[in-house]
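The next block holds one structure in the form of structure tokens; read it before the comments.
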Amino acid sequence: MKIDQKPNISAMGFSVEDFFFSSLQEEIAVDELCIRLLRDFCRDLAERHGMDPRKAGKKALGADYFLRDFVVSDRRLNIFKVTAHEITAFAGNWYIMKNLDPDIRELTGILDGVEDFYRFCLEAGKITAERFRELAAACGRTDYYRQRIEDFWAIEDDGFIAWNAACPLPE
């Protein structure tokens, strides 16, 4: 494939509607679709963009953590309907709370994978350019996320309530 060609998610059998779910059985099916889509994303980075396969794999792994663990499993959302708010809630709260030792370098790697994944979706026509710009901006707020991690480690007494309220997870 040449770099000026679009990835063809439609030809791979994926549509945005396939990623909606309301039952455990449907969630399992969406999880499996995510795995297939992430493999296609990784292959696209390596083959069409010429990225080193190990680096492509790391980006896919970062996107995988965000998509499958947070978006699908925790938030129960369609991966194509993610907004900047979900990315900020993930990086500024959920990631910090779910990891024993939240690390800005690790988080930045995850967010790089998320941004590249949504660029892949943009190139395939699955999200709009406006949505991609919003998601990319949220992925790029590393100074904010670094401060959130530092503030988390500095919590004393009942300071968690204020820390959590500053970047809450959506209900």
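The basis for the numbers below is simple: all heavy atoms, side chains too, and nothing from hydrogens, waters or symmetry mates. Position 1 is the first residue of the sequence, and the numbers go up from there.
- Linking ILVMFWY side-chain heavy atoms closer than 4.5 Å, directly or via other members, places Val72 and Ile28 in two distinct hydrophobic clusters.
- Across all non-hydrogen atoms, the minimal contact from Phe117 to Ala63 is CB-CB, 3.9 Å.
- Heavy-atom neighbours of Asp158 CG from other residues, nucleotides or ligands within 6.0 Å: at or below the threshold of 12.
- Scanning both residues, Thr88 and Cys167, for their nearest heavy atoms gives O-SG, 3.5 Å.
- Using a distance-only test at 3.5 Å, with no hydrogens or angles considered, no donor-acceptor pair links the side chain of Arg131 to the main chain of Leu122.
- Hydrophobic clustering keeps Phe19 apart from Ile35 (ILVMFWY residues linked when any side-chain heavy atoms are closer than 4.5 Å, directly or through intermediates).
- Closest non-hydrogen pair, Tyr145 versus Ala138, comes out as OH-O, 2.6 Å.
- Note on ring orientation: taking the six-membered ring where Trp is involved, the planes of Trp94 and Tyr65 are tilted (angle from 30° to 60°).
- Proximity of a side-chain donor or acceptor of Trp163 to a complementary backbone N or O of Asn93 within less than 3.5 Å is not detected.
- If you take OH on Tyr118 and CZ on Phe41, they are separated by 10.5 Å, rounding to the nearest 0.5 Å.
- One finds the SG atom of Cys42 at 9.5 Å from the CD atom of Glu47 (value rounded to the nearest 0.5 Å).
- Here the shortest heavy-atom pairing between Ile96 and Gly92 reads CD1-O, 3.5 Å.
- Crowding of Arg76 atom CZ: a count of heavy atoms from other residues, nucleotides or ligands under 6.0 Å exceeding 12.
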(request) Begin with the C-alpha distance, continue with both residues' side-chain angles, and end with the deciding distance and a verdict on side chain to side chain contact (heavy atoms under 4.5 Å, CB included) for Asn99 and Glu106. (result) CA-CA 11 Å; Asn99 286 276; Glu106 178 185 52; 4.2 Å; yes
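- One distance of note links CG of Leu111 with NZ of Lys59; it measures 10.5 Å at 0.5 Å rounding.
- In this structure, Glu150 places its CD atom where more than 12 heavy-atom neighbours from other residues, nucleotides or ligands lie under 6.0 Å away.
- In terms of heavy atoms, Ile127 sits closest to Phe80 at CG2-O, 4.0 Å.
- Looking at Asp74, Ile79, Asp31 one by one, the single match for side chain to side chain contact (heavy atoms under 4.5 Å, CB included) with Arg68 turns out to be Asp31.
- Inter-residue side-chain proximity for Phe70 and Leu169 is flagged as met; some heavy-atom pair is nearer than 4.5 Å.
- Using a 4.5 Å heavy-atom cutoff, the side chains of Asp103 and Tyr95 are in contact.
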(request) Start with the C-alpha distance between Trp153 and Asp101, add both sets of side-chain angles, then the distance that settles side chain to side chain contact (heavy atoms under 4.5 Å, CB included), and finish with yes or no. (result) CA-CA 10 Å; Trp153 288 119; Asp101 189 17; 4.2 Å; yes
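- Rounded to the nearest 0.5 angstrom, Gln147 CD and Arg141 CZ are separated by 12.0 Å.
- Looking at heavy atoms from C-beta onward, Val16 lies in side-chain contact with Lys126 at the 4.5 angstrom threshold.
- Glu86 is not listed as a side-chain neighbour of Leu135, based on a closest heavy-atom distance of 4.5 Å or more.
- A pairwise comparison of heavy atoms in Pro102 and Ile149 identifies O-CG2, 3.9 Å as the closest pair.
- We find the CZ-CG distance between Arg39 and Asp64 to be 10.0 Å, quoted to the nearest 0.5 Å.
- Although no hydrogens or angles enter the test, the distance criterion places no donor-acceptor pair under 3.5 Å between the side chain of Asp116 and the main chain of Gly113.
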(request) For the pair Asp143 and Arg146, evaluate salt bridge (Lys or Arg N to Asp or Glu O under 4.0 Å) and give the outcome as yes or no after the intermediate values. (result) CA-CA 5 Å; Asp143 288 340; Arg146 179 181 293 108; 2.8 Å; yes
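- Residues Arg43 and Asp40 have side chains in contact (heavy-atom distance under 4.5 Å, counting atoms from C-beta outward).
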(request) Report the C-alpha separation of Phe90 and Val114 in whole Å, then their side-chain angles, then the decisive distance to 0.1 Å, and conclude whether the side chain to side chain contact (heavy atoms under 4.5 Å, CB included) test is met. (result) CA-CA 11 Å; Phe90 165 80; Val114 170; 5.7 Å; no
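- Note that CG of Asn78 and CG of Asp18 are 9.0 Å apart. Values are rounded to the nearest 0.5 Å.
- Taking hydrophobic clusters as Ile, Leu, Val, Met, Phe, Trp and Tyr residues chained together by side-chain heavy-atom distances below 4.5 Å, Leu61 does not share a cluster with Leu37.
- A salt bridge is defined here as a Lys NZ or Arg NE, NH1 or NH2 lying under 4.0 Å from an Asp or Glu carboxylate O, and Glu123 with Arg119 fails to meet this definition.
- The cluster map of Ile, Leu, Val, Met, Phe, Trp and Tyr, joined by side-chain heavy atoms under 4.5 Å apart, puts Met97 and Ile161 in different clusters.
- Taken together through direct or relayed side-chain contacts under 4.5 Å among Ile, Leu, Val, Met, Phe, Trp and Tyr, Leu67 and Phe20 form parts of separate hydrophobic clusters.
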